[in-house]
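Atoms within each ligand, like the ligands themselves, are counted from 1 in listed order.
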Amino acid sequence: MFIKDLKNYKDQEATLRGWIYNFRSSGSIMFLQLRDGTGFVQGILNKKDVGEDKWVEAQKIVLETSIELTGVVTEHPKQPGVFELQVKDFKIYQIPVEEYPIGKKEHGPEFLLDNRHLWLRSPSQWAIQKVRDTLIRGCYEWMNQNNFVKFDSPILTPAACEGTTTLFGVEYFDLGKAYLSQSGQLYLEAAIASLGRVFDFGPVFRAEKSKTRRHLTEFWMMDAEASFVEHEENLKIQEELISFMVQKVLAENQEELKILEREVKLLENIKPPFYRITHAEAVKKLGELGSDIGEMDDLGADDETTLTKLYDKPIFVEKYPAEVKAFYMKRDPENPKYCLNADLLAPEGYGEIIGGSQREDDYEELIKRIKEHNLPMEAFRWYVDLRKFGSVPHSGFGFGLERIVAWVCGIQHIRETIPFPRMINRLTP
Ligand code: 4AD
Ligand code: MG
């Protein structure tokens, strides 16, 4: 039996198993706050109901005692819809062997991260992981309904996908160096000629030297790739997917959003169409707001913060200068200095959550790009091969799950959105 199902057991007996996350006594009554992963409930333990021996045993209960409580489910007299357990009996699994280190007082982020294995139990961290789970399920559900087939890209790869400066290398037997994948995109491009529309969803790795609130060295990416989809349709797919995921969180995680004190009005507004501006327009706007960004520059972190504070919905920034973007992006036929790409930026200062583009599908052009970017041609032999046998226009994108979780939950730093964050200065626990 689980706490979330208690409403179906009103005035009946129930047995719950979990952990005591708070408690207090008042005379011959103890109020035990129990959590079991599905929710939180108050157990009321009355000396006269359990008898002298059990009452004495109950005095041993401390924070994080693991316990089974049996009692009658009652509805709170003043809060309809809130259920409590009138405890008749209990069984202790374990009394903690020492005082639980995460108490009621405020702790600094480094202390909490050092104790991440325990911090995960706190209501806010519980809520974040629940929202993360809903976002993942929402993504799979939408992709499945829209003919995208899950396709698992490899993690050990022979070459870079997103630039050589953030590659993690490992020794690979007699074959020399292998690299941890930065994105499964290139492999998905092979898959589309078999499956049409595909996506992967897994951990990717970036040796990010930067310590920002938006960067991890290991994070979860969903890459999607679709044949016969051009730039404009690529954006439509993204705004529908993201809206669906956010609406699913609103449908399933009201309790979690309340714990996180997230303003749900802002999320209710997340529906297509999202805003669209070109990189050139963004640069102009940022210049007016005091940024020193140049016409051919990528948007910096501060630029993204400034820009996205102006909007109440996600914004596509389209057509970046080709020189700041990856080699595989198709050029804009109207002005080949720019690409047919878009970054999707989340509002409220969150910034980039998706990078995507139409892909270069011409054999000669792609060879030229690989040479311009000084990439090892041999490692990309298979990739350019795809442009020789039935090449088609195609597009795709990748989202960083943690950045979406942070935005949806209203969390400042993405390190709280992944179970065990890996950053330049943190590898444990
Ligand atoms: O913009 P990126 O680098 O794009 C790609 O990797 C493409 N190959 C994706 C594709 O087209 N299939 O990364 C995609 C997203 C970013 O928008 C961001 O949300 C996230 O991944 N991301 C990070 N998240 C956390 N920590 C980091 N170091 C990240 N780097 C990128
Ligand atoms: Mg990007």
### Query
Quick one: which ligand 1 atoms are inside 4.0 Å of a heavy atom on Y328?
7 (C), 8 (N)
### Summary
Ranking M221, H215, R206, E352 by closest non-hydrogen atom to atom 3 (O) of ligand 1, top hit is R206
### Task
Answer yes or no on whether K313 is positioned over the face of F274, meaning its NZ or CZ is under 6.0 Å from the six-membered ring centre and within 45° of the axis.
no
### Query
For S181 and T157, does a side-chain donor sit closer than 3.5 Å to a side-chain acceptor?
no
### Query
Is there a donor-acceptor contact under 3.5 Å linking the side chains of Q185 and Y328?
yes
### Message
Distance check below 2.8 Å: does E162 bring an N, O or S atom to the Mg ion (ligand 2)?
### Response
no
### Query
Are any of the N/O atoms in E225 less than 3.5 Å from those in ligand 1?
no
### Query
Contact between R214 and ligand 1, counting heavy atoms under 4.0 Å?
yes
### Query
Hey, mind stepping through Y140 and F199 against ring pair (Phe, Tyr, Trp, His ring centres under 6.0 Å) and telling me if it holds?
CA-CA 9 Å; Y140 272 83; F199 72 106; 5.4 Å; yes
### D223 neighbourhood, listing ligand 1 atoms whose heavy-atom distance to it stays under 4.0 Å
9 (C), 10 (C), 12 (N)
### Task
I would like to know whether W19 and I67 meet side-chain contact (heavy atoms from CB on, under 4.5 Å); could you show each step before the answer?
CA-CA 6 Å; W19 296 263; I67 198 166; over 6 Å; no
### Task
Count the heavy atoms of every other residue, nucleotide or ligand shown that sit under 6.0 Å from CZ of F168, and state whether that count exceeds 12.
yes
### Query
Is the NZ atom of K285 crowded by more than 12 outside heavy atoms at less than 6.0 Å?
no
### Query
Going by the atom numbers of ligand 1, which of them fall below 4.0 Å from some non-hydrogen atom of I354?
17 (O)
### Query
Among protein heavy atoms, which sits nearest to atom 18 (C) of ligand 1, and what does the distance come to when rounded to 0.1 Å?
R403 NH1, 3.5 Å
### Query
Which residue owns the protein heavy atom closest to atom 26 (N) of ligand 1, what's the atom, and how far is it?
L216 N, 3.0 Å
### Message
What protein heavy atom lies closest to atom 19 (O) of ligand 1? Include the residue and the distance to one decimal.
### Response
I353 O, 2.9 Å
### Message
Among all the protein's non-hydrogen atoms, which is closest to atom 14 (C) of ligand 1, and how far away is it?
### Response
G398 O, 3.4 Å
### Query
With a 4.0 Å heavy-atom cut-off (strictly under), which part of I414 contacts ligand 1: side chain, backbone, both or neither?
side chain
### Task
Of the side chain and backbone of F397, name the one, both, or neither that has a heavy atom under 4.0 Å from an atom of ligand 1.
backbone
### Query
Does any N/O atom on G400 come nearer than 3.5 Å to any N/O atom on ligand 1?
yes
### Message
If only side-chain N and O atoms count, and only distance matters, is there a donor-acceptor pair under 3.5 Å linking R116 with Q125?
### Response
yes
### Task
Run the numbers for me: atoms of ligand 1, each under 4.0 Å from some heavy atom of G355, listed by number.
1 (O), 9 (C), 10 (C), 11 (O), 17 (O)
### Task
Evaluate side-chain contact (heavy atoms from CB on, under 4.5 Å) for I424 paired with E208, printing each intermediate quantity in order.
CA-CA 7 Å; I424 186 166; E208 294 280 1; over 6 Å; no
### Task
Check if R359 has a non-hydrogen atom at a distance under 4.0 Å from any atom of ligand 1.
yes
### Message
Between F111 and W119, is the ring centroid distance below 6.0 Å?
### Response
no
### Task
Select one of side chain, backbone, both or neither to describe which atoms of Y350 lie under 4.0 Å from any atom of ligand 1, heavy atoms only.
neither
### Message
Between R121 and R35, is there a side-chain heavy-atom distance shorter than 4.5 Å?
### Response
yes
### E352 atom (N/O/S) at minimal separation from the Mg ion (ligand 2)
OE2
### Query
Of all the non-hydrogen atoms in the protein, which one sits nearest to atom 7 (C) of ligand 1, and at what distance?
E162 OE2, 3.2 Å
#### Entry: Intermediate values then yes/no, salt bridge (Lys or Arg N to Asp or Glu O under 4.0 Å), E365 and R369
CA-CA 6 Å; E365 283 291 311; R369 302 285 172 248; 2.6 Å; yes
### Summary
Closest to atom 27 (C) of ligand 1 among protein heavy atoms sits F219 CE2, 3.4 Å
